[in-house]
Amino acid sequence: MLDIKYIRENPEIVRQTIRNKRVSLELDTLLELDSRLLELKKSVEAKQTERNANAKAVPKATPQERPTLIQKGKDLSEELKTLEPQLKELEEALKDLLLRVPQIPLPEVPVGLSDEDNVELRREGTLPVFDFALLDHVALLEKRGWAEFERVGKISGSRSYMLRGDLATLEMALHLYTLQFLSARGFTALSASALVRPETLTATGHFPGGEDQVYRLEGHDLMLAGTAEVPVNFLHSSEILDLEQLPLAYAAYSSAFRSEAGSAGRDVRGLMRVHEFKKTEQYIICEGKPEVSSQWFGQILQNAEDLLASLELPYRILQVCTGDMGAGKAQMYDLECWIPSEERYRETHSCSNLQDWQARRTGIRYRDNDGKVQFAHTLNNTGIATPRLLVALVEVHQQSDGRVKLPAALRPYMGGKEFI
RNA sequence: GGAGGGUUGGCCGAGCGGUUGAAGGCAGCAGUCUUGAAAACUGCCGUAGGUGUGAGCUUACCGAGAGUUCGAAUCUCUCACCCUCCGCCA
């Protein structure tokens, strides 16, 4: 959410952003609604002032004057009963539109229409060379008995899976490793539930717009979040924090649920795109200054890079363009890991700086050194998401005999084994 | 799932249908005193909006929403959450 005052004062910047981010929104409708609301509000408040003054006069009035005052109060109350709902309606309509106004991207963000316009910043790591016929992860997992795919269809339908044996423990090892890795860098580990109220998804910015991506529980006002960003963001909703409490850096492990509506036919096989996965997410709430959040952006990007490097996985970094970045984001980089069987990089991490866009929706504020209440900035980046990362891991580190060589960093978490 | 009790400002806590945006305390800020600090004393000290150069004026908000009333933190209803007991359960 942007400050309505900012929108009033900078309509052209906002208009341009709406265009660049390919958001469907009529800014003029919003501005017109805003001025109508302001006008109506003034007249309602005038009536309210009158009503309050009148009501205050009643107890002081003589018994003779009293009936007149009470009648006047009744009349005012009657008028307000028609005006107030109108006001409320306008307020809600304006809020609906305000929730759709995108965050202004940072100046360096490339303008573009789709993921094709994302800019590759660099590639890291060495691509593996195989002197044998490499297996894709599905073949490898089947060969090693590391997953259930077909049988699971009868349990949970398509895009579901079970990990078996060493791969099941490897998944947990990865998350434990990540949690400890981030804890060592000052993060607070969280094990979060993905079960959330709808308003938490509005607060993050997934709603309005992403409703069809989210599973909802029949008969309950609860949904299954697609990332721990959702519950963690709402942890501090409506709070006014002390400056000393910031930054809050969380490493949050949770299940993540995605309906994958609209991606039928894509990545239907294997572990690449599933309905339920496990993710350890980096989530930052920091002081609401661009230089502070930008520094954190660099830090959580670095954390992810260091994790991937320690897992000995080649990856590349993409600077995501305006058309592909999501309404709330001021800046976004994707990390993509090399998938040997596909001979291409696939997204495993998404690093975002929302600045105050999310904090405004959520009401995450703090008192600055002057005692003024400010909105915080929030950022998030994947730490590790499985099983997608397992795809890269087993494929890159596979051996000719079907074994997988574990990167040294993971061995302590896998009983010291070098191979599985 | 059943029964009961609760939800008030950063925290604790009072609150009769009218002069309460809310006593009192703590914390915080400023000042007096002091070489300095502490103590003591004095003052300030919720959020969001409108309006005004400004002091200020004004509106909303006492878990959320609706209602009764000239007037609601105070009364009624619905919901959410918290606590206690019972049941069930990992």
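Proteins get letters first, then strands, A, B, ... in listed order; numbering begins at 1 in each. Computation of the quantities below employed the complete heavy-atom set of this structure, encompassing side-chain atoms and omitting hydrogens, waters and symmetry-equivalent molecules.
- With a cut-off of 3.5 Å on both Watson-Crick or G-U wobble distances, the partner of B/C45 is given as none.
- Across all strands shown, B/G18 forms a Watson-Crick or G-U wobble pair with B/C70, both key distances being under 3.5 Å.
- On the C1' atoms, B/U51 is 33 Å away from B/U42, given to the nearest whole Å.
- Judged by distance alone, the side chains of A/Arg19 and A/Gln16 do bring a donor and an acceptor atom under 3.5 Å apart.
- Note on A/Arg197: every side-chain N or O is 4.0 Å or more away from OP1 and OP2 of B/C79.
- The partner of B/C85 is B/G2, by the rule that a Watson-Crick or G-U pair needs both atom distances under 3.5 Å.
- A cation-pi arrangement is present between A/Arg361 and A/Trp357, with the terminal nitrogen or guanidinium carbon under 6.0 Å from the aromatic centre and inside a 45° cone about the axis.
- Look at B/U35: it lacks any Watson-Crick or wobble partner with both distances under 3.5 angstrom.
- Between the CE atom in A/Met223 and the OG1 atom in A/Thr200 there is a gap of 8.5 Å [rounded to 0.5 Å].
- B/A22 and B/C44 have their P atoms separated by 13 Å, given to the nearest Å.
- Among B/U58, B/G49, B/U47, the nucleotide with an atom closest to any side-chain atom of A/Lys41 is B/G49.
- Taking atom CG on A/Leu83 and atom P on B/U59, their separation rounds to 16 Å, with Å as the unit.
- Distance noted for atom P between B/C79 and B/A90: 30 Å (whole Å).
- For the P atoms, the distance linking B/G17 with B/U76 amounts to 11 Å, nearest Å.
- The distance from atom CD of A/Glu50 to atom C1' of B/U59 is 14 Å, rounded to the nearest whole Å.
- The distance between atom CD1 of A/Ile240 and atom C1' of B/C61, rounded to the nearest whole Å, is 13 Å.
- Across the C1' atoms, B/A55 and B/G5 are found 48 Å apart, a figure rounded to whole Å.
- Along RNA chain B, the nucleotide nearest A/Arg66 and the nucleotide nearest A/Ala53 are compared for position; the residue whose nucleotide lies closer to the 5' end is A/Arg66.
- Of all nucleotides present, only B/G25 satisfies the Watson-Crick or G-U wobble test against B/C11, with each distance under 3.5 Å.
- Under the side-chain hydrogen bond (donor to acceptor under 3.5 Å, both in side chains) rule, A/Tyr315 has a single partner from A/Arg346, A/Glu305, A/His349, A/Glu336, which is A/Glu305.
- The backbone N or O of A/Tyr6 lies less than 3.5 Å from a partner atom in the side chain of A/Asn10, making a donor-acceptor pair.
- Taking atom CD of residue A/Glu199 and atom P of nucleotide B/C79, one finds them 17 Å apart after rounding to whole Å.
- The ring-ring contact (aromatic ring centres under 6.0 Å, His included) analysis of residues 234-260 of chain A, with sequence neighbours excluded, yields the pairs A/His175-A/Tyr253, A/His236-A/Tyr250.
- In this structure, A/Gln245 places its CD atom 14 Å from C1' of B/A27, rounding to the nearest Å.
- When the P atom is used for both B/G24 and B/G15, the distance is 15 Å, rounded to whole Å.
- Rounded to whole Å, the distance from NE2 on A/His220 to C1' on B/G1 is 13 Å.
- Classification of A/Arg36 and A/Glu39 as a salt-bridged pair fails, no side-chain N sitting under 4.0 Å from a carboxylate O.
- Using a 4.0 Å cut-off between charged side-chain N and carboxylate O, A/Asp28 and A/Arg15 make a salt bridge.
- Side-chain polar atoms of A/Gln302 and A/Asp306 form a donor-acceptor pair below 3.5 angstrom.
- Nucleotide B/C77: paired with B/G65 (Watson-Crick or G-U wobble, both distances less than 3.5 Å).
- Look at A/Lys60 and you won't find any side-chain N or O under 4.0 angstrom from OP1 or OP2 of B/U19.
- A 3.5 Å limit on both hydrogen-bonding distances identifies B/G56 as the Watson-Crick or G-U partner of B/U51.
- Comparing B/A60, B/G50, B/U58 by their closest approach to the side chain of A/Thr49 singles out B/U58.
- Across B/A23 and B/G46, the matching P atoms stand 10 Å from one another, rounded to whole Å.
- With the nearest nucleotide of RNA chain B identified for both A/Lys42 and A/Gln48, A/Lys42 has the one nearer the 5' end.
- At a cut-off of 3.5 Å, with distance as the only test, a side-chain donor of A/Gln48 or A/Glu84 sits close to an acceptor on the other residue.
- Nucleic acid contact for A/Val373: sugar-phosphate only, since backbone atoms but no base atoms lie under 4.0 Å from a heavy atom of the residue.
- Counting to the nearest Å, the P atom of B/A60 and the CG atom of A/Leu37 are 16 Å from each other.
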Nucleotides 63-77 of chain B: protein proximity per nucleotide (B base, S sugar-phosphate only, - neither; heavy atom, under 4.0 Å): --SS-S-BS------
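- A/Arg360 comes within 4.0 angstrom of no nucleic acid atom, judged by non-hydrogen atoms across all strands.
- Taking atom P on both nucleotides, B/C82 is separated from B/A73 by 26 Å, rounded to a whole Å.
- As a whole-Å value, the separation of A/Tyr366 OH from B/U47 C1' is 17 Å.
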